[in-house]
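Each chain gets a letter, A, B and so on, in the order the sequences are listed, and its residues count up from 1.
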Number of protein chains: 2
Amino acid sequence: MSISIKDVAEKAGVSVATVSRVLSEGPVRADTKERVHAAIKALGYRPNLSARRLRTQHAQTIGLIVSDIRNPFFTAVGRGVEDAAYRAGMRVLLCNTDENVERERMYLRLMQEERVTGLILAPTLAMLDQLQKNPLQFPAVLIDRAGAGGLYDSVVLDNREAANTLVEHLFEEGYRRIGGVFGQTSATGLERRDGYCASMKARGLTPDPRLLPPTVDAGEKAMSEWLAGPDAPEAIIASNGLLLMGVVKAAQRLGRAIPSDLAVAGFDNEDWTEVVGPGLTVIEQPVHDIGRNAMSLLFDRLQNPGLAPRKVVLSGRCIVRGSTLASKPAALAENRSAPLTGAAAMNP
Amino acid sequence: MSISIKDVAEKAGVSVATVSRVLSEGPVRADTKERVHAAIKALGYRPNLSARRLRTQHAQTIGLIVSDIRNPFFTAVGRGVEDAAYRAGMRVLLCNTDENVERERMYLRLMQEERVTGLILAPTLAMLDQLQKNPLQFPAVLIDRAGAGGLYDSVVLDNREAANTLVEHLFEEGYRRIGGVFGQTSATGLERRDGYCASMKARGLTPDPRLLPPTVDAGEKAMSEWLAGPDAPEAIIASNGLLLMGVVKAAQRLGRAIPSDLAVAGFDNEDWTEVVGPGLTVIEQPVHDIGRNAMSLLFDRLQNPGLAPRKVVLSGRCIVRGSTLASKPAALAENRSAPLTGAAAMNP
DNA sequence: TTGAAAGCGCTAACAG
DNA sequence: CTGTTAGCGCTTTCAA
């Protein structure tokens, strides 16, 4: 049993109501306030949030459910959400589903039981479907993976356009047999695949997309087999940081040089993409904006529940590095201070 | 106002106590139970956790405070903690302090207010000090950074020994001017520095340690200046993954080849350390064991609060890769399927 | 400016 | 097996 407001009231010789008023900065005479503060300090009192939430019916809590916290994209978004939440006096309940629908369902139930004020969610494909059929009981904003669904507010990247940018770039560099590996558990993966396929066809090329579990291992395994086979591509697009890492590992394992044997481009401008080999060409997402936008959509809805669902579509930025520059002088590489030197520097 | 146990009771034609018993799998007649379940389903009832926690005085919550969730070490530990917690029917409150003592203090206060069952904590140096003076009100296990303190249970790496292993390895490879960059905000950083210094002196070498904020940028900046100056080392040890990344970036920026111009070794076997350049030599931490051990120490203490504090010291594993193998044939590299091919493959 | 008292949703005696 | 009831710690009328 821990120290309660009652103990403080006793010690200060006032009623619990007065202590409560002191805590909430209500109208209390200065000397009374002082006595109460003294008692609080002496006893080391801390309010019990469960009791407060029960009484006020206000959890002051934002739920954040992401698929994989190892993905720097989600750590950045999470940080943005957390900052905005704390500025508004709310706490954040962060949950990690690992792309597992069972865990996702469990966490959604938890959010319900915590009576969260609002939810920010990057759903799996399967969950996205369920969300349309069984709408959530509280305000929610979908991030990264919204699909077509118009039921919820959402903040997403223009995935089709970003995939098209990558294909276009590779095409201009002279690549034709361009393959792609895409995460199979998210709407985002599918959208990037669709954008890739459309862009390939528009250029008279044959798309060769592969849907995979979004993990390093799955990417490495699939690419190893692909590269060893007869239909090995000369360039590859990976739909997220984990698959991109898998592609690089597979290329190394099979002794394929990047970009001369295999050009590589992908999504997510993670730190390591800059230092590996000649640097990897990637689409950088406006992670900070995504988190910030998600929170403002959420707060808007909390203030005005009747609002029609809004979808915010942001654009990625293509950062060209050496991994896609086989045919041109390295000097053309943008956003890279010393592309060739950097690459050469890594060699014994 | 949401659906409560009272609504369910009404709908099912029973008392709230009976509903409560159904929820906790208490003794209830089969047909009554069925009626209650039907009512729960029909109403979409979900128990209110705040109320339950208030009543039972049992938060069923483990707090987890880490310094930086971007650090794969902490994501892995976090995952281990979460798994163990859920097996025990507890939830996890994950907080990220970003090495900021203010945030750390705030979260500690939050834990208190949430009345958490127990806490797992990777404290900053400053906090570690305070924890000795003002002991926490609830069971806590320190991970990664325990210092000397004997007040709490802890799970740590043998940091001195690990640093020594790295120095020894570099020494055997023929390096003599070995520098080191260490995180200044954690006991762990300091211990690794001490281990490094001791090991250098034992070999008659002059240690040259630099304490830095544990970030990529700080590492890159410090190393850039260091490498450009007259006292540039021929080998460098980085005390964590972020500083290691900074070192690699600085080397690239200045056109220093790894390992011929600069040998590099560090801590944390992150995915990217395997694919960058010739591969980086690192100390791999038993991340899974750390999380698991922390949770069992915590559960032990919950069952038996009188226990004397225990300290579990685990050993790291040295994974040798090309970044420290200047003088020997690459074939000697362990744990690497195709070291030279892999490295060569990255070059245009 | 302060206190008394009701009640948020739930569990756990206790009684039947 | 089931219902009645008290009370967890807090906020918030309503009176004084």
5' priority, DNA chain C, between A:L54 and A:T32 [closest heavy atom]
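Mapping each residue to its closest nucleotide by heavy atoms, the 5'-most match is A:T32.
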
[X]/[Y] ion pair, N-O < 4.0 Å:
X      : Y     : result
B:K41  : B:E34 : no
A:R103 : B:E82 : yes
A:R292 : A:D83 : no

Rounded to whole angstrom units, what separation is found between the [atom1] atom of [X] and the [atom2] atom of [N]?
X      : N     : atom1 : atom2 : value
B:E113 : D:dC8 : CD    : P     : 20 Å
B:R55  : C:dC8 : CZ    : C1'   : 14 Å
A:I5   : C:dA4 : CD1   : P     : 14 Å
A:R115 : C:dC8 : CZ    : P     : 14 Å
B:E10  : D:dT4 : CD    : P     : 12 Å

Hey, does the side chain of B:R29 come within less than 4.0 Å of D:dC1's phosphate (OP1/OP2), counting only N and O?
no

Angle between the two end axes of the helix from C:dT1-D:dA16 to C:dG16-D:dC1, five base pairs per end, rounded to 10 degrees?
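The helix from C:dT1-D:dA16 to C:dG16-D:dC1 shows an end-to-end axis angle of 40°.
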
Using a heavy-atom distance cut-off of less than 4.0 Å, which residues of residues 34-51 of chain B contact DNA chain C?
B:Y45, B:P47, B:N48, B:A51

Residues within residues 12-25 of chain B bordering DNA chain C, heavy-atom distance below 4.0 Å
B:A17, B:S20, B:R21

Between C:dT2, D:dC10, C:dT11, which nucleotide gets closest to the side-chain atoms of B:R52?
C:dT11

Pairs meeting criterion salt bridge (Lys or Arg N to Asp or Glu O under 4.0 Å) with involvement of residues 116-142 of chain A, two or more places apart
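Salt bridge (Lys or Arg N to Asp or Glu O under 4.0 Å) check on residues 116-142 of chain A returns A:D129-A:K133.
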
Quiz: residues 135-144 of chain A side-chain donor-acceptor pairs under 3.5 angstrom, not counting sequence neighbours:
residue: A:D144; atom: OD1; partner: A:T188; partner atom: OG1; Å: 3.4

In sequence, state the C-alpha distance, the side-chain angles, and the governing distance for B:E99 and B:T124, and then conclude on side-chain hydrogen bond (donor to acceptor under 3.5 Å, both in side chains).
CA-CA 6 Å; B:E99 309 278 358; B:T124 61; over 6 Å; no

Name each donor-acceptor pair under 3.5 Å that joins a side chain in residues 84-91 of chain B to protein atoms two or more places apart or in another chain, with its distance.
residue: B:R91; atom: NE; partner: B:T61; partner atom: OG1; Å: 2.8
residue: B:R91; atom: NH1; partner: A:E114; partner atom: OE2; Å: 2.9
residue: B:R91; atom: NH2; partner: B:T61; partner atom: OG1; Å: 3.1

